[in-house]
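Read the structure below first, then the notes.
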Amino acid sequence: MRKRSVTTLALGAASLLIGSALIGCSSGGGGGEAGGEPLTLVTWGGTTDEGYRTALAEPFTKETGIPTEMVNPVDYGKYAAQIESDQVTWDWVDLEGWFPVQNPDWWAPIDKDIVKYDESDVIQLPGRESEKMDWGLPSGSYSFVIAHRTDTDLKTPTTWEEFFDTEKFPGKRAVYNYPYGMLEVALLADGVAYEDLYPLDMDRALKKLDTVRDDLVFWNSGAELQQMMTSGEADFSFAWNNRIANLAKQGQPVAIEWNENLMDGGYDVTAKNNPQVKETMQLFSKLMDPEVQVKISEATGYSPSLRSSFEKLPKEDQPYYSAYPENMEQSVGSINLQWWADNFDQAVEKWSSWAGQ
């Protein structure tokens, strides 16, 4: 498995996804089993940061005495540099799934004497039923979906082919300024079956995107996606389901089309050269508590990784989550993490060149 350079890591994720500076704020204090050194949890910020703080970090510190610190945003280049220089200070990072798959030798095996959960309780994403990594815990899932406003007379696309048909379905489309997921839906729109998606034909996908370029607006963060859909700048969007669900719950005139949703989920890992592996495993044990997963899901909109946790979510809210059985039935499948692990650099380079034209 090749390793991506630190420079490319920082450009591919930090520059494209998040532009803000690292911000740290403590969620616990005092000594404890970590000898006073806090466990550092790194998220993308916003509601995700707050959700993990209140549902996981603060209760964990209260129970164990191990202090925790929340930091955002995720910076793959910074994290890779820590691991490669043997100076790891980030104990848990909210990673996209392709990154740990790309670097499998970096991660500590999950200590099953500390982290105990029923593996048969794990929600299996379509297309990943046989996937299992001894160095990772299954993390929450979400879907890329078609979102639309409900206060217009425009006809709503219900498939990716229709999303790319601006003649029959006129209106502005908001799309992610990032190739992850975008390449897949462009190929689905161009008639490629999910079973034949990988390896992705990147040039064909970008050519398909060219056909609707005049009708596209680009979002670079979940907050920007929400702003575009709330303001009406976009009529439809390629979207993260949890961000649109959040708006719908607030009473905004938006809705999710679940047909052909593309699912994704990753792994919770910690570096094997992290000096606080044991303490992080204790955190992971808390993370796999079904009740904790419920609280994280309620705060972030991500589906829990455990079926028992999903069943504890309020019945009226369950249809907003990607793991809702009917939504999973309508999914075309899941992101292929191995393909992205092998091709991330090239995909980001091609996307950046195309988007910058």
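Everything numeric in this text was worked out from a predicted model, so none of it was measured.
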> Any donor-acceptor pair under 3.5 Å linking the side chain of N273 with the backbone of I83?
Replying inline: yes

*Thinking salt bridges, do R53 and D49 make one under a 4.0 Å N-O criterion?*
yes

Practice task
State whether the number of non-hydrogen atoms from other residues, nucleotides or ligands found under 6.0 Å of Q227 atom CD is greater than 12.
Solution key: yes

Q.
Please determine whether a side-chain nitrogen of the Lys or Arg among E224 and R243 lies less than 4.0 Å from a carboxylate oxygen of the Asp or Glu.
A. no

Minimal heavy-atom distance between I296 and A55, with the atoms involved, is CG1-CB, 3.6 Å

Review point. Less than 4.5 Å apart, any side-chain heavy atom of V185 and any of F163?
Key: no

Original post:
Taking Q293 for the side chain and S309 for the main chain, is one N or O donor matched with an acceptor at less than 3.5 Å?
Top reply: no

All heavy atoms of P253 vs all of D151, minimum pair found to be CG-OD2, 3.6 Å

#### Entry: Main-chain N/O of A323 paired to N327 side chain as donor or acceptor, under 3.5 Å
no

Count the heavy atoms belonging to other residues, nucleotides or ligands that lie under 6.0 Å from CD of E326, then report whether that count exceeds 12. no

- Message: Under a 3.5 Å distance rule, please check whether N241 uses its side chain to pair with a backbone N or O of Y142 as donor and acceptor.
- Response: no

- Between N259 (side chain) and T158 (backbone), is there a donor-acceptor pair under 3.5 Å? yes

Report, as yes or no, whether the 6.0 Å neighbourhood of atom NZ on K312 holds more than 12 heavy atoms from other residues, nucleotides or ligands.
no

In this structure, CG of L56 is separated from CG of L287 (nearest 0.5 Å) by 5.5 Å

- request: Return yes if some donor-acceptor pair links the side-chain N/O of R173 with the main-chain N/O of R213 below 3.5 Å, else return no.
  value: no

Assess, by modelled atom type and distance only, whether the side chains of E184 and Y194 contain a donor and an acceptor separated by less than 3.5 Å. no

Taken to the nearest 0.5 Å, the spacing of Q282 CD from D111 CG works out to 10.0 Å

**ring pair (Phe, Tyr, Trp, His ring centres under 6.0 Å) evaluation trace for W92 with Y52** = CA-CA 11 Å; W92 172 81; Y52 278 105; 4.9 Å; yes

Same apolar cluster (I L V M F W Y, side chains within < 4.5 Å links), V74/L225
yes

| field | Sub-4.5 Å side-chain heavy-atom contact between V192 and R204 | value | yes

Do the side chains of N242 and Y320 get nearer than 4.5 Å, heavy atoms only? no

task: Give a yes or no answer on whether the side chain of N103 reaches the backbone of W106 with a donor-acceptor pair at less than 3.5 Å.
output: no

Exercise for review: Just say parallel, tilted or perpendicular for the rings of W240 and W219, cut-offs at 30° and 60°.
Suggested key: perpendicular

Query raised in the report: For the residue pair Y76 and F99, does the interplanar ring angle fall in the parallel (under 30°), tilted (30 to 60°) or perpendicular (over 60°) class?
Result: parallel

Run the side-chain contact (heavy atoms from CB on, under 4.5 Å) test on I146 and F238 for me, step by step, so that the C-alpha distance in whole Å, both residues' side-chain angles and the decisive distance to 0.1 Å come before the verdict.
CA-CA 5 Å; I146 297 170; F238 165 94; over 6 Å; no

Taking the side chain as everything from C-beta on, heavy atoms only, tell me whether R307 gets closer than 4.5 Å to V122.
no

| query | With side chains defined as the heavy atoms from C-beta onward, is the minimum distance between E37 and Q276 less than 4.5 Å? | reply | yes

Practice item. Find out if a path of hydrophobic residues (ILVMFWY) with successive side-chain heavy-atom gaps under 4.5 Å connects V332 to M328. Key: no

Smallest heavy-atom separation, T230 atom then R149 atom, equals O-NH1, 3.1 Å

In sequence, state the C-alpha distance, the side-chain angles, and the governing distance for R128 and D264, and then conclude on salt bridge (Lys or Arg N to Asp or Glu O under 4.0 Å).
CA-CA 10 Å; R128 294 192 190 168; D264 189 32; 2.9 Å; yes

- Transitively linked via ILVMFWY side-chain contacts under 4.5 Å: V101 with L200? yes

### Task
Test salt bridge (Lys or Arg N to Asp or Glu O under 4.0 Å) on E119 and K112 and set out the steps.
CA-CA 11 Å; E119 294 187 12; K112 294 185 178 180; 3.4 Å; yes

* **ILVMFWY cluster, V269 and L125 together (side-chain gap under 4.5 Å)** => no

*Hey, can you tell me if Y178 and Y176 have their rings parallel, tilted or perpendicular (30° and 60° cut-offs)?*
tilted

Rounded to the nearest 0.5 angstrom, the CG-CH2 distance for N336 and W98 is 14.0 Å

inquiry  = Would you say that L137 contacts S305 through its side chain, given a criterion of any heavy-atom pair below 4.5 Å between the two side chains?
reply    = no

OG of S334 to CZ of F144, rounded to nearest 0.5 Å, is 11.0 Å

(Q) Under 4.0 Å between a side-chain nitrogen and a carboxylate oxygen: does that hold for K295 and E298? (A) no

If you apply the rule side-chain contact (heavy atoms from CB on, under 4.5 Å), what do you find for N72 with V42, and how did you get there? CA-CA 5 Å; N72 67 76; V42 188; 5.7 Å; no

* Verdict with supporting geometry, Y302 and S141, side-chain contact (heavy atoms from CB on, under 4.5 Å) -> CA-CA 6 Å; Y302 294 123; S141 61; over 6 Å; no

| field | Side-chain (Q82) to main-chain (W90) donor-acceptor, under 3.5 angstrom | value | yes

Is any side-chain heavy atom of P67 closer than 4.5 Å to one of L39? no

On a heavy-atom basis, the closest approach of P290 and L306 is CG-CD1, 4.1 Å

Around atom NZ of K272, are there more than 12 heavy atoms from other residues, nucleotides or ligands closer than 6.0 Å?
yes

- Near K249 NZ, under 6.0 Å, is it more than 12 heavy atoms from other residues, nucleotides or ligands? yes

* Would you say S143's side chain and S322's backbone share a donor-acceptor pair under 3.5 angstrom? -> no

- Message: Hydrophobic clustering (ILVMFWY, side-chain heavy atoms < 4.5 Å, transitive) - are W340 and Y79 grouped together?
- Response: yes

| request: Give the C-alpha distance, both sets of side-chain angles, the deciding distance and a yes or no for ring pair (Phe, Tyr, Trp, His ring centres under 6.0 Å) between Y267 and W135. | output: CA-CA 9 Å; Y267 297 94; W135 40 255; 5.6 Å; yes

Please determine if K207 and D190 form a salt bridge, counting it only when a charged side-chain N lies under 4.0 Å from a carboxylate O.
no

Between the side chains of K172 and E233, is the shortest nitrogen-to-carboxylate-oxygen separation below 4.0 Å, so that they form an ion pair?
no

| request: Would you sort out whether W44 and D94 count as a side-chain contact (heavy atoms from CB on, under 4.5 Å), showing the intermediate values? | output: CA-CA 7 Å; W44 298 100; D94 186 15; 3.4 Å; yes

Salt bridge K168-E162, side-chain N to carboxylate O under 4.0 Å: no

So CD1 of I110 and CE of M288: to nearest 0.5 Å the spacing works out to 9.0 Å

What one should report as the nearest heavy-atom pair of A108 and V277 is CB-CG1, 4.1 Å

In this structure, OH of Y324 is separated from CD of Q318 (nearest 0.5 Å) by 7.0 Å

Heavy-atom closest pair (L337 atom, G265 atom, distance to 0.1 Å) is CD1-O, 3.7 Å

Discussion item. Quick check: do K208 and L187 have side-chain heavy atoms less than 4.5 Å from each other?
Written reply: no

Would the distance check show the side chain of T40 and the main-chain N or O of D91 forming a donor-acceptor pair, the cut-off being under 3.5 Å? no

